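Have a look at the structure below before the remarks.
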Amino acid sequence: MQMLLSKHGRIALACGALAAFALAGIAVAETLSKAKFTPASSMNLPDYLVPVIDPDTGATIVRVTTPGPLGEGLACQRAYCTHRYSSAQAWNADQSLLLIANGCNGLCFLDGQTYAPLFRRQREDECEWHPKDPDRMICVIGRKISLWTPRTNAEEVMLIAEGYRGLQFGPGKGNPSRDGRRIAVRGTRADGATVAFAFDLESRQKFPDIDVGKLPGRDGVCEISALGNYVRCSRWVDGKDEAFIFTVAGDLVQSWTEHHRPSHGDMTIDADGREVYVGISKSDPDIYQVIKRRLDDGVVTPLAPRGEASHASTRAIQRPDWVYLSYGGSPAEIAQLPKFAPFAQEVIALRIDGSGEFRRIAYTHNVSYNYWSETHGSPSPDGSQIIWSSNWGVPGGPVFDFVTRLDRRDQTSTLAK
């Protein structure tokens, strides 16, 4: 345990003593119209819990998982040990806890600042952090919706949905509304119909069923919007991932029948207060571009040009005007494509106002291999920390989680259209 304490001390020291050096790198500005693709500098795999400076961005990087025992009963498998997903909140509301959910021996909780292993829990539920209450998670399983306190294992049941079974939080991509009041779940009604419905955790109000089983295709994900006004349900229809937007009262307002336009993304609030979905389009006229799409009328705004963006996250809910993008691809190939977004194996932050303003976060050194090796960058609620995954250039090698720590001042670059 003495070794771990020493490492934690080095993390705290790095965040103070190295701040000036980090700012020098982060403050460099550029525009996409003038920028050329720059591959990552050679960099050794950081040691577990030993902070290092990214030579290309000036930010501090800490590797927060490693195969084998971590301490306090936590242990990582060799293949991968990572946070859950790009659009899942990895940190709790006050950033005191960080959740590692994939490849650990249970739900593994780390200190949200030092990344020391703290405790683990076993649950079969789908659970997501409450965006306002740092102590609790929102969990869904069977007929039950509950609020769970991981530190104490206490649970408060909010709904037992009589006449339903197999309730799922998403599944897989469920999030609460930004205030934590509302969620959307999908399940099976007693008559066998596949339905979704919104639920208000404060008033304990169940909203009307949305009969998603009557939509074309097979089941996808159902999720609540950032302000809790809409439910977005995806469906697989003839090989296309389509989306249908409902009010919480069950009224259909939009049908997005193009394939993935967009998908692999997240929902947030635009500057004018309207709710949007930000992600990657896989259909013309903006194929492989990062776009945002308004939930109320379907209007699309391109945000970044065609490129290798794979996942988008708006989990920095205190900064709804930013999306955090994970880029894959081959640096050698991107270097030969000057019209593409000049990012490969990177995480960046991009303003969603269409201005193209962006900030480089991390070079991931991540080589595509399988689903578990995908980067899935996800920011903390205030955007000061971003967690991402990488096999560090070894296809089939262990996939680790890393945290990039940023100064909170808003130095940015400009991504020109």
Side-chain angles (χ1 to χ4, degrees), residues 84-85 87-88 124-128 138-146 157-177 181-201 203-267 275-277 279-283 293-298 371:
R84 198 175 68 73
Y85 189 63
S87 61
E124 298 299 322
D125 312 37
E126 294 176 277
C127 298
E128 300 291 342
I138 303 166
C139 300
V140 177
I141 192 171
R143 296 180 295 135
K144 182 177 66 175
I145 298 172
S146 62
V157 176
M158 307 304 291
L159 175 71
I160 297 294
E162 301 293 346
Y164 298 83
R165 67 179 187 275
L167 296 186
Q168 293 180 292
F169 199 172
K173 296 181 181 179
N175 276 312
S177 57
R181 285 196 59 157
R182 292 180 178 179
I183 66 171
V185 298
R186 199 194 72 199
T188 303
R189 202 167 53 201
D191 61 3
T194 300
V195 300
F197 60 83
F199 179 71
D200 191 298
L201 291 155
S203 66
R204 304 200 182 198
Q205 175 189 1
K206 176 192 170 298
F207 287 85
D209 288 348
I210 300 169
D211 202 342
V212 294
K214 291 184 177 180
L215 294 172
R218 58 184 175 86
D219 293 339
V221 173
C222 288
E223 50 191 332
I224 201 80
S225 63
L227 295 179
N229 295 320
Y230 299 99
V231 175
R232 176 188 180 273
C233 289
S234 63
R235 303 284 291 184
W236 281 95
V237 184
D238 297 328
K240 297 187 300 178
D241 184 6
E242 302 182 359
F244 300 85
I245 314 300
F246 298 87
T247 67
V248 291
D251 299 318
L252 180 65
V253 295
Q254 286 289 310
S255 298
W256 300 350
T257 56
E258 312 96 325
H259 176 54
H260 280 286
R261 192 167 183 255
S263 190
H264 293 293
D266 207 350
M267 288 189 276
E275 298 183 272
V276 296
Y277 187 100
I280 295 88
S281 172
K282 294 187 180 179
S283 292
R293 193 164 189 175
R294 288 201 302 241
L295 300 184
D296 56 2
D297 62 9
Y371 172 81

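All residue numbers refer to positions in the sequence shown, counting from 1. These numbers were taken from a predicted model, which means no experiment stands behind them.
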- Residue pair Arg204, Phe199: steps toward the side-chain contact (heavy atoms from CB on, under 4.5 Å) verdict: CA-CA 7 Å; Arg204 304 200 182 198; Phe199 179 71; 4.1 Å; yes
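Smallest separation of non-hydrogen atoms from Thr247 and Ile210: O-CD1, 4.1 Å. The shortest heavy-atom contact between Arg235 and Pro216 is NE-O, 3.2 Å. The heavy-atom pair separating Pro262 from Gly279 by the smallest distance is CB-C, 3.6 Å. The minimum heavy-atom distance between Arg186 and Pro171, with the atom names listed, is NH1-CD, 3.5 Å. Of all heavy-atom pairs spanning Tyr85 and His264, the tightest one is OH-ND1, 3.8 Å. Heavy atoms only, all atoms of each residue included: Val248 and Ala198 are closest at CG1-CB, 3.8 Å.
The closest side-chain heavy-atom distance from Asp125 to Val140 is not below 4.5 Å. Contact check for Leu252 versus Phe244: side-chain heavy atoms found under the 4.5 Å cut-off.
Note that CD1 of Ile280 is 10.0 Å distant from NE2 of His260, once rounded to the nearest 0.5 Å. With rounding to the nearest 0.5 Å, the separation of CZ in Arg182 from OG in Ser203 is 7.5 Å. For the atom pair Gln205 CD and Phe197 CZ, the distance stands at 12.0 Å (nearest 0.5 Å). To the nearest 0.5 Å, atom SG of residue Cys139 and atom CG of residue Leu167 are 13.0 Å apart. Expressed to the nearest 0.5 Å, how far CD1 of Ile138 lies from CZ of Phe169 amounts to 5.0 Å. With rounding to the nearest 0.5 Å, the separation of CG in Leu201 from CZ in Arg181 is 9.0 Å.
Put simply, the side chain of Thr194 never gets that close to the backbone of Val212: no donor and acceptor are under 3.5 Å apart. In this structure a side-chain-to-backbone donor-acceptor pair under 3.5 Å is present from Asp191 to Ala193. With hydrogens and angles disregarded, no donor-acceptor distance shorter than 3.5 Å links the side chain of Ser255 to the backbone of Thr257. The closest donor-acceptor contact from the side chain of Arg165 to the backbone of Thr188 lies at 3.5 Å or more, if one exists at all. Using modelled atom types, one side-chain atom of Arg84 and one backbone atom of Gly172 make a donor-acceptor pair closer than 3.5 Å. Remark: the backbone N or O of Ser87 is paired with a side-chain donor or acceptor of Asn175 at under 3.5 angstrom. A side-chain donor-acceptor contact under 3.5 Å links Tyr277 to the backbone of Gly265.
Every side-chain contact (heavy atoms from CB on, under 4.5 Å) that Glu275 has, sequence neighbours left out, goes to Ser225, Ala226, Leu227, Asn229, Tyr230, Leu295.
Classification of the Trp236-His259 ring pair by plane angle, with boundaries at 30° and 60°, yields tilted.
Salt bridge annotation for Arg143-Glu162: present, with a cationic side-chain nitrogen under 4.0 angstrom from a carboxylate oxygen.
Atom CG of Asp297 has more than 12 heavy atoms from other residues, nucleotides or ligands within 6.0 Å.
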